[in-house]
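Report on the following structure.
Small disclaimer: the values here were computed from a predicted structure and weren't measured.
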Amino acid sequence: MKSAWPPSLWADVTPPVDDYPSLAGVATGDVVVIGGGFTGLSTALHLAKDGKRVVLLEAAAPGWGASGRNNGQVIPTLTRPNPDDIVARHGADGERFVALLRDSASVLFDLVRRLDIPAEAEQTGWIQPVHTPGRMKIAEARVAQWSRYGAPVELLDRERVRQMTGSEAWHGGFWNRSGGHINPLALARGLARAVAAKGVSIFAGTPALSFAREGGGWRVATPHGEVRAKALVLATNAYTGEFATELAPAIAQEVVPVLSWQMATEPLGDNLRASIIPGRQAVSDTHGDLWFMRYDARHRLVTGGALIAPVNGAQRLRRRIGERLKRIFPQIGEVRFSHVWNGYIGMTTDYFPRFHRLGPDAYAWAGCNGRAVALSLSIGRELARAVDGAEVALPFSEPRPLPAHGLLRRLAPLNLVLYRWRDAREIA
């Protein structure tokens, strides 16, 4: 079962994926990992480093889903909850999770350097500018809280943001020096090669259909075989119910897959790059209907947008986001996009990820909320530690499916109406 590779900038510029076989028959190992995105690959890598025999099942190919189609911004925070919110909710577990978030970008960049993965990694920092004066309160709170936890953050006034971005669109903000950006598909494919080199058995085109506890271990059924292992890690996030609806319905129904659109301009010349984000930081602001952009290695601005309805989505976004970029950066002139693509992100109602113990030696997570690039690699490390029985920096809970999940999924794009209404108003 092979899935066509979805088009994107990253698919066009990244060396081809290795040809991993599909599973036919029975495979055995110490741990079976379901999902070949960042989390699954990171989990497999850390388990293999500890000498575990790992079988990794991927429904399509490593990096096929959100891990290979996102914007590539490496952001060491959650979308909404701040450190104090996390600790208030989860206590000591929350404190450990805040520390994991704080270090997550550096963990990613350090891993890329250590494994020498050609992922176009630029640890230039991440800027979150604010789009109205009153939202400086958000930046001030985040800088104060993250500073208490040792994050390399700095509050920026309006002039500093103008200098760093080349735009008058924002009123200040903050930045975190540990962030940056990568080619996400190159990272996924590089991780897969590193994992395979460690002896992990990767089976592509092999969706997990179901899993069950049998005989002191776990049995995972696939279309043409099965895997038996002592431990199991489910790392399928927004795609948990996309290939097999009965794989883990309680987890699939606690997140809402939302279509996220990404876009890349034609390469910008030296003169424009000197005045538009000259430090090449990743930028994503405080709009609910997010304004975001970063450069790739070929000097394209990689940005994107959101739609209530996907009809003629690429054409409509070329016009809308082109006009947005001209408002943000008047010096840019006419904007031409070479690529427009999309994929799912897994949203939760409170913007907090979910971590679960599924049974003896079995773990899962879901709910990236658009911040999984940095986070997922660190989560993979923690899930590998959990398999080893170590204390981990993950606040576990029971799966709680959302009522009327199917209806919520259909209605989720309408949240953009609320986001845009809020974006147009000043906060008190």
Side-chain angles (χ1 to χ4, degrees), residues 71 73-89 94 98 101-102 104-105 124-181 275-294 301 303-306 321 323-332 350-352 369-371 374-375 415-428:
N71 192 264
Q73 296 205 20
V74 183
I75 301 174
T77 70
L78 297 181
T79 304
R80 297 284 179 89
N82 291 325
D84 288 356
D85 304 318
I86 297 168
V87 173
R89 177 171 175 170
V98 167
L101 279 168
R102 177 198 63 208
S104 59
T124 47
W126 166 63
I127 303 171
Q128 186 174 51
V130 302
H131 72 278
T132 68
R135 285 173 170 81
M136 278 302 293
K137 297 175 184 177
I138 295 173
E140 291 165 356
R142 288 176 177 167
V143 167
Q145 292 183 36
W146 280 111
S147 294
R148 291 202 307 271
Y149 286 92
V153 293
E154 180 182 339
L155 191 68
L156 306 173
D157 62 19
R158 181 168 191 166
E159 175 60 20
R160 187 79 186 283
V161 167
R162 186 195 66 77
Q163 293 171 359
M164 295 177 76
T165 65
S167 175
E168 302 278 0
W170 294 295
H171 299 266
F174 82 102
W175 75 308
N176 184 312
R177 291 182 179 84
S178 71
H181 47 87
S275 66
I276 296 175
I277 321 178
R280 298 180 65 87
Q281 294 91 352
V283 178
S284 54
D285 76 354
T286 51
H287 279 91
D289 183 8
L290 194 63
W291 295 14
F292 59 98
M293 66 285 299
R294 42 70 59 108
L301 271 182
T303 181
I321 303 305
E323 291 299 320
R324 175 185 292 175
L325 287 180
K326 285 192 286 186
R327 290 200 305 274
I328 299 171
F329 306 111
Q331 66 270 43
I332 201 170
D350 58 3
Y351 303 95
F352 198 89
N369 293 286
R371 290 289 171 84
L375 181 59
N415 280 328
L416 273 175
V417 176
L418 177 60
Y419 292 158
R420 291 167 182 169
W421 181 82
R422 290 174 174 171
D423 289 343
R425 284 153 177 78
E426 183 59 276
I427 65 172

Quiz item: Does a side-chain heavy-atom distance below 4.5 Å link Asp285 with Val130?
Solution: no

Practice problem: Evaluate the side-chain proximity of Val283 to Trp170: yes if any heavy-atom separation is below 4.5 Å, no if none is. | Solution: yes

Quiz item: Can you tell me if His181 uses its side chain to pair, donor with acceptor, with the backbone of Arg280 under 3.5 Å?
Solution: yes

Quiz item: Given the rule in the side-chain contact (heavy atoms from CB on, under 4.5 Å) test, do Phe352 and Asp85 qualify, once you have shown the distances and angles that lead to the verdict?
Solution: CA-CA 10 Å; Phe352 198 89; Asp85 304 318; over 6 Å; no

Quiz prompt | Main-chain N/O of Gly173 paired to Gln128 side chain as donor or acceptor, under 3.5 Å | solution = no

Quiz item: Distance under 6.0 Å and angle within 45° of the ring axis: does Arg142 meet both against Phe174?
Solution: no

Quiz item: So, does Arg294 use its side chain to make a donor-acceptor pair with the main chain of Asn71 at under 3.5 Å?
Solution: yes

Quiz item: Quick one: does Arg177's side chain get under 4.5 Å of Glu154's, heavy atoms only?
Solution: yes

Quiz item: Got Trp291 and Ile328 here, is their nearest side-chain heavy-atom distance under 4.5 Å?
Solution: yes

Quiz item: Pro152 versus Asn176: any side-chain heavy-atom pair under 4.5 Å?
Solution: yes

Quiz item: Any donor-acceptor pair under 3.5 Å linking the side chain of His287 with the backbone of His131?
Solution: no

Quiz item: Is the backbone N or O of Arg162 less than 3.5 Å from a side-chain atom of Ser167, with the two atoms forming a donor-acceptor pair by type?
Solution: no

Quiz item: Between Val161 and Pro129, which heavy-atom pair has the shortest distance, and what is it?
Solution: CG1-CB, 4.0 Å

Quiz item: Are the side chain of Asp157 and the backbone N or O of Glu159 linked by a donor-acceptor pair below 3.5 Å?
Solution: yes

Quiz item: Do Met136 and Leu155 pass the side-chain contact (heavy atoms from CB on, under 4.5 Å) test, and can you show the C-alpha distance, the side-chain angles, and the key distance before you say yes or no?
Solution: CA-CA 9 Å; Met136 278 302 293; Leu155 191 68; 4.0 Å; yes

Quiz prompt | Nearest-0.5 Å distance that lies between atom CD in Gln163 and atom CZ in Arg160 | solution = 7.0 Å

Quiz item: Do Leu325 and Met293 have side chains that get closer than 4.5 Å, going by heavy atoms?
Solution: yes

Quiz item: Yes or no on side-chain contact (heavy atoms from CB on, under 4.5 Å) for Val87 and Gln145, after CA distance, side-chain angles and deciding distance?
Solution: CA-CA 11 Å; Val87 173; Gln145 292 183 36; over 6 Å; no

Quiz item: Would you find a donor on one side and an acceptor on the other, under 3.5 Å apart, between the side chain of Asp289 and the backbone of Leu416?
Solution: no

Quiz item: So, are Arg148 and Asp84 salt-bridged, with charged N and O less than 4.0 Å apart?
Solution: yes

Practice problem: Verify, without hydrogens or angle tests, whether Ser275 (side chain) and Gly166 (backbone) share a donor-acceptor contact under 3.5 angstrom. | Solution: no

Self-check item: Pair Glu140 + Lys137: basic N to acidic O under 4.0 Å
Solution: no

Exercise. Determine whether Leu78 and Leu101 make a side-chain contact, defined as any pair of heavy atoms from C-beta on separated by less than 4.5 Å.
Key: yes

